[in-house]
Every structure is written in structure tokens, then in C-alpha cells.
Number of protein chains: 2
Amino acid sequence: MKRTARPVVAPNTDVATITEDTIRSFAGYNIKRAFNVVQTDLNRTLKPFGLRMVTFTALALIVDNPGLRLSQLAQSLGIERPNLVVIVDDLEARDLITRDKVPQDRRAYALHATLAGRVLRDKSVAAVEEHEKRVYSAVTEAEIRALVQVLRKIESNG
Amino acid sequence: MKRTARPVVAPNTDVATITEDTIRSFAGYNIKRAFNVVQTDLNRTLKPFGLRMVTFTALALIVDNPGLRLSQLAQSLGIERPNLVVIVDDLEARDLITRDKVPQDRRAYALHATLAGRVLRDKSVAAVEEHEKRVYSAVTEAEIRALVQVLRKIESNG
DNA sequence: TATTGTTATACTCTATAACTATA
DNA sequence: TATAGTTATAGAGTATAACAATA
């Protein structure tokens with residue numbers, strides 16, 4: 001959060017010339033803006049499949065981890081249980097997943113993807129790969145790996 | 001988006017053992033979760049000052065760029081003009097900034113921070129610095145710089 | 001007592017269309 | 001015609017309290 005001089009902005013100065021010293025060294029806002037760009041492009045990408053960022057991720061996790069509990073999924077997604085319920089409701093209503101009773105624990109439900117769910121996952125994953133090529137075109141593979149690593153460190157700090 | 005085998009999750013498997021291959025290589029979700037951690041901690045930090053992430057950033061930008069127009073500020077913040085209006089309303093109502101008529105262009109308003117606004121900015125910047133130390137404690141200075149650089153490349157791709 | 005899934009609720013964030021007054 | 005600021009509105013995302021059923 002270093003700050004330098006504070007130049008006055010002329011009446012019709014271009015935004016590019018605005019001093020953002022405070023914000024430039026404020027990583028939080030960079031994460032925010034980058035996230036916004038990524039999410040907007042991703043949601044546009046997933047719209048034809050009837051999916052959003054969260055629903056896509058939830059479906060992918062259920063496909064890869066059959067028998068997942070709702071609370072485990074919520075933790076993996078980093079969202080609160082109440083917010084996940086409606087997401088699971090949506091996926092179930094569209095017959096992409098099932099909520100199966102667990103004999104060992106009658107409070108819990110085991111989540112399983114249906115055939116349709118697996119098919120939609122595969123199709124949408126392909127689209128997401130295209131999206132990633134587009135959004136990360138200016139960044140190298142190594143940079144993305146480093147990015148993800150740092151983001152995970154930050155995340156585990158919360 | 002590489003995927004490997006899909007192990008079955010045992011009834012009471014810990015979340016840490018869940019296969020997240022799909023998501024682990026899905027940078028978008030890492031950005032989302034990290035952003036969430038940062039924003040939550042930051043908003044908690046700013047609450048005593050009556051500020052949120054956006055209002056803090058807006059105030060800081062106005063302090064550093066006296067005479068800023070609303071549309072310039074919106075562009076700098078990466079948000080739509082309509083959403084900024086209520087933010088500026090809030091800051092103005094609390095006498096932290098002023099909306100001054102511009103003789104050259106009677107449509108526009110020049111934004112200026114008041115003394116109270118500058119004082120609040122300085123106080124909250126100090127708190128934000130503490131927040132950054134906390135949230136980025138597991139990351140080096142160099143890693144943060146690299147992170148911000150990559151995020152900017154992603155952002156400029158939107 | 002604690003936990004799973006759930007309902008209800010409220011607040012924030014974001015996007016879009018459309019208006020007004022000026023340019 | 002285009003732009004600056006504004007109004008209204010709707011959709012997502014997120015967080016919290018509290019409940020029933022079960023552990």
C-alpha cells in the first residue's frame with residue numbers, strides 16, 4: 001500500500017493516466033477484477049449448457065466423486081450448506097444427479113451423477129477448456145500453475 | 001482440465017481426500033475461492049470504518065485523483081456506472097467526498113475527497129495493510145508481485 | 001449435545017434497459 | 001447522434017439464524 005504523489009486529474013483525462021498507486025499495490029482488488037473477467041466469460045460459455053460457474057463445478061465434483069455428501073461438497077466448493085441446497089435441487093430436478101439415501105446415516109444423502117449428468121459434464125468441460133484458452137491466452141502454462149499455487153496458499157489462510 | 005481416475009468416496013471420507021482433479025486444474029475456481037477469503041477478511045477489517053471493499057477502493061481513488069469523474073471512477077473500479085452511483089451517494093452522504101459541478105461540462109461531476117474523507121482513507125489504509133499482512137502471510141513479496149502481474153494480464157483479456 | 005440437510009431471510013454485487021440533461 | 005449521470009429492476013452470490021431428523 002505504498003503511495004506516491006497525488007496528481008490532479010485534468011477535466012478530460014483518460015482513465016489510463018489516472019494514478020492508481022493505492023489500488024495498484026492492493027492485490028485484493030486485482031483478484032476481484034480478474035475474477036470478474038473470468039466469471040463473466042465462463043458464465044457466457046456455460047449458458048448454452050444451462051450451467052453457471054458453481055453448478056458446473058458442483059456437477060464435475062459429483063461426477064468425479066460418486067457418493068459425495070452435500071456437506072462435503074459444500075466444503076469443497078467453499079460455500080455454505082444452505083446455499084448449496086438450491087444448487088443440488090436444480091441439478092436433481094434436471095436429472096443430472098440423484099440424492100440417494102445412505103443406510104449407515106439416515107440424515108445424509110449420497111450424491112451420484114446420472115448418465116445425462118456425466119454426458120453434460122464431458123460436453124461442458126470441453127467448452128470450459130476453450131474458455132480457458134481464451135481467458136488465459138496472454139499467460140503461460142507455468143504462470144497459471146504459479147498463480148494457482150499462490151491462490152491456494154491465500155485460500156488456506158482464511 | 002486434465003482428469004485422472006475417479007475414486008469412489010467412502011461414506012465418511014474426509015473432504016481433504018476427495019478427488020478434485022477437475023477443479024484443481026480449473027484456475028477459475030481457485031481465483032473464486034481465494035477472492036472469497038480475501039474479501040471476507042477485508043470486509044471484516046473495514047466494517048469498523050463503515051467501509052466495504054468497493055467503497056474503500058473508491059474513496060482511495062478519489063483521494064489520490066482529485067476531480068475524478070464518476071464514469072472514470074467506474075472504469076477504474078471495473079464496475080458499471082449505475083452501480084457506482086449508490087456508492088458515491090453513500091460517500092457523499094457521509095461527507096467523505098463532494099460532487100462538484102464542472103463548468104466546462106455541465107453534465108459531469110468532479111469528485112473530491114473532504115478532509116474527513118482523507119482522514120478516513122489514511123486510517124483505513126493502515127487497517128488494510130494489517131489485513132494484507134494477515135491474508136498474504138504465507139506468500140512472499142515476489143509471489144504477490146507475480147500474482148498481481150498475471151491477474152492484470154487476465155483482466156486485460158476480458 | 002452435535003451433525004445433516006433444510007427453510008427463510010437479508011445483504012451485497014453485478015448487469016441491463018431506459019430516462020434526463022447536456023454535448 | 002453521443003455522452004454523463006441517474007433510476008429502476010432483476011439475477012446471482014454470500015452469510016446467518018433456526019428448525020426437524022438423526023447420530
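Computed from a predicted structure; not experimentally measured.
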Examine dT12(C): is either OP1 or OP2 under 4.0 Å from a nitrogen or oxygen in the side chain of Lys32(A)? Give yes or no.
no
At under 4.0 Å between heavy atoms, what does Asn43(B) touch on the DNA or RNA strands: base, sugar-phosphate, or nothing?
nothing
Whether Arg145(B) and Glu141(B) form a salt bridge (side-chain N of Lys/Arg under 4.0 Å from carboxylate O of Asp/Glu) is what I want to check.
yes
Would you indicate which nucleotide in dG13(D), dA17(C), dA15(D) comes nearest to any side-chain atom of Pro82(B)?
dA17(C)
Rounded to the nearest angstrom, tell me the gap between atom CZ in Arg69(B) and atom P in dT22(C).
15 Å
Report yes if a donor N or O on one partner sits less than 3.5 Å from an acceptor N or O on the other, where the partners are the side chain of Arg106(B) and the base of dT22(C); otherwise report no.
no
Grab the CG-P distance between Asp89(B) and dA8(D) for me, whole Å please.
12 Å
Taking atom types as they are modelled, is there a donor-acceptor pair under 3.5 Å from the base of dA15(D) to the side chain of Asn83(A)?
yes
Hey, which of these two, Val88(A) or Met53(B), hits DNA chain C nearer its 5' end, going by closest nucleotide?
Val88(A)
I'd like to know whether the aromatic ring centres of Phe35(A) and Tyr29(A) sit less than 6.0 Å apart in this structure.
no
Looking at Ser71(A), I'd like to know whether one of its side-chain N or O atoms comes within less than 4.0 Å of OP1 or OP2 on dG5(C).
yes
Of the listed nucleotides dT3(D), dG5(C), dT22(D), the one nearest the side chain of Leu70(A)
dG5(C)
Check the distance between dA15(D)'s P and Phe35(B)'s CZ and give it to me in whole angstrom.
11 Å
Side chain of Val85(B), heavy atoms from C-beta onward: which of dT7(D), dG13(D), dA21(D) has the nearest atom to it?
dT7(D)
If you look at every strand shown and take non-hydrogen atoms under 4.0 Å, does Arg99(B) touch a base, only sugar-phosphate, or nothing?
sugar-phosphate
For Ile79(B), answer base if it contacts any base atom (sugar-phosphate contacts may also be present), sugar-phosphate if it contacts only those atoms, and nothing otherwise; contact means non-hydrogen atoms under 4.0 Å.
sugar-phosphate
Of Asp105(A) and Arg81(A), whose nearest nucleotide on DNA chain D comes first from the 5' end?
Arg81(A)
Looking at Arg118(B) and Asp122(B), does any basic side-chain N land under 4.0 Å from a carboxylate oxygen?
no
Could you point out which residue of Asn65(A), Ile79(A), Leu61(A) forms a side-chain contact (heavy atoms from CB on, under 4.5 Å) with Leu73(A)?
Leu61(A)
Rounding to a whole Å, what distance do you find between Glu92(B):CD and dG5(D):P?
13 Å
So does Thr40(A) get a side-chain nitrogen or oxygen closer than 4.0 Å to the phosphate oxygens (OP1/OP2) of dT14(C)?
no
To the nearest angstrom, the CG-P distance between Leu42(A) and dA12(D) comes to 14 Å
Using a cut-off of less than 4.0 Å, is there contact between a side-chain N or O of Asn36(B) and OP1 or OP2 of dG13(D)?
no
Just the rounded figure in Å: distance from C1' of dC11(C) to CD of Glu80(A).
15 Å
What integer distance in Å separates Lys101(B):NZ from dA21(C):C1'?
9 Å
Given side chains that start at C-beta, do those of Tyr136(B) and Val38(B) come closer than 4.5 Å, heavy atoms only?
yes
Any idea which of dA2(D), dT6(C), dT6(D) is nearest the Tyr109(A) side chain?
dT6(C)
Flag the pair Arg152(A) and Glu155(A) as a salt bridge only when some basic side-chain nitrogen lies within less than 4.0 angstrom of an acidic carboxylate oxygen.
no
Give the rounded distance in Å between these two atoms: CG of Leu73(B) and C1' of dT6(D).
15 Å
